[in-house]
Amino acid sequence: PLTISLVSIWIGWTVLVDFVVIPNVFREFPDFFGAGNLGIKLFSKLNNLEVIVSSLLLAGLCWLQVEQKKLNVFITLVSAILFFISLTYFSYLTPK
């Protein structure tokens with residue numbers, strides 16, 4: 001249940017920011033570059049949350065592996081990929 005909750009929260013705020021907030025900022029804000037700067041700041045804050053949630057998700061799955069001797073390869077692989085994507089955004093794309 002915790003895994004589903006974390007993934008749902010992650011998808012929810014990503015959809016909200018990507019499809020609702022950012023398009024409205026560019027539609028309503030008169031200065032294109034000002035809207036771009038606001039988008040950069042918003043995405044950098046969102047990325048910090050993504051790194052935290054992906055770390056919690058991966059740590060929780062590792063804990064399940066150790067405690068219950070159970071490994072769901074698909075969920076662990078997807079979680080690891082999401083973790084590395086968020087780290088790529090955090091360390092490479094957002095600073096540039």
Side-chain angles (χ1 to χ4, degrees):
L2 182 61
T3 302
I4 293 171
S5 298
L6 288 174
V7 171
S8 298
I9 290 169
W10 190 343
I11 290 171
W13 75 47
T14 300
V15 168
L16 180 68
V17 169
D18 289 351
F19 298 115
V20 176
V21 174
I22 295 299
N24 284 316
V25 166
F26 276 97
R27 197 174 303 123
E28 298 297 325
F29 206 83
D31 179 27
F32 177 78
F33 293 105
N37 288 333
L38 181 62
I40 289 169
K41 288 181 183 180
L42 183 63
F43 278 118
S44 66
K45 297 296 181 189
L46 180 66
N47 188 252
N48 291 339
L49 293 172
E50 287 177 339
V51 169
I52 291 168
V53 169
S54 64
S55 298
L56 288 173
L57 189 61
L58 203 55
L61 289 171
C62 290
W63 177 78
L64 278 176
Q65 166 62 26
V66 170
E67 286 296 313
Q68 298 180 0
K69 306 290 188 254
K70 236 163 115 172
L71 178 64
N72 186 329
V73 176
F74 177 73
I75 292 175
T76 306
L77 182 64
V78 169
S79 297
I81 290 169
L82 291 175
F83 177 73
F84 287 116
I85 288 172
S86 65
L87 278 182
T88 301
Y89 286 150
F90 182 76
S91 62
Y92 181 71
L93 292 178
T94 301
K96 291 190 179 215

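For the single chain, residues carry numbers from 1 onward in sequence order. All values below come from the heavy atoms of this structure, side chains included, with hydrogens, waters and symmetry mates left out. It should be emphasised that the depicted structure is a prediction, and the values quoted were computed from it without experimental measurement.
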Item to check | Criterion side chain to side chain contact (heavy atoms under 4.5 Å, CB included) on Glu50 and Phe90, from CA distance to verdict | outcome: CA-CA 9 Å; Glu50 287 177 339; Phe90 182 76; over 6 Å; no
Checklist entry - Could you give the distance from CG (Asp18) to CG (Leu42), rounded to the nearest 0.5 Å? => result 9.0 Å
Checklist entry - Taking atom CG of Leu77 and atom CG of Leu61, what is their separation to the nearest 0.5 Å? => result 11.5 Å
Next on the checklist: Rounded at 0.5 Å granularity, tell me how far OG1 in Thr88 sits from CG in Asn47.
Outcome noted: 9.5 Å
Checklist entry - What residue among Ile22, Val17, Asn24 forms side chain to side chain contact (heavy atoms under 4.5 Å, CB included) with Val20? => result Asn24
Next on the checklist: As an exercise, state the distance from CZ of Phe43 to CG of Leu38, rounded to the nearest 0.5 Å.
Outcome noted: 10.0 Å
Checklist entry - Which atom pair, heavy atoms only, marks the closest approach of Ala35 to Phe29? => result N-CD2, 3.5 Å
Checklist entry - What distance separates Ser86 OG from Leu49 CG, expressed to the nearest 0.5 Å? => result 11.0 Å
Next on the checklist: Nearest 0.5 angstrom please: Ile4 CD1 to Leu57 CG, how far?
Outcome noted: 11.0 Å
Item to check | Derivation of the side chain to side chain contact (heavy atoms under 4.5 Å, CB included) call for Ser54 and Phe84 | outcome: CA-CA 9 Å; Ser54 64; Phe84 287 116; over 6 Å; no
Checklist entry - Where is the tightest heavy-atom contact between Val51 and Leu87, given as atom of each residue plus distance? => result CG1-CD2, 4.3 Å
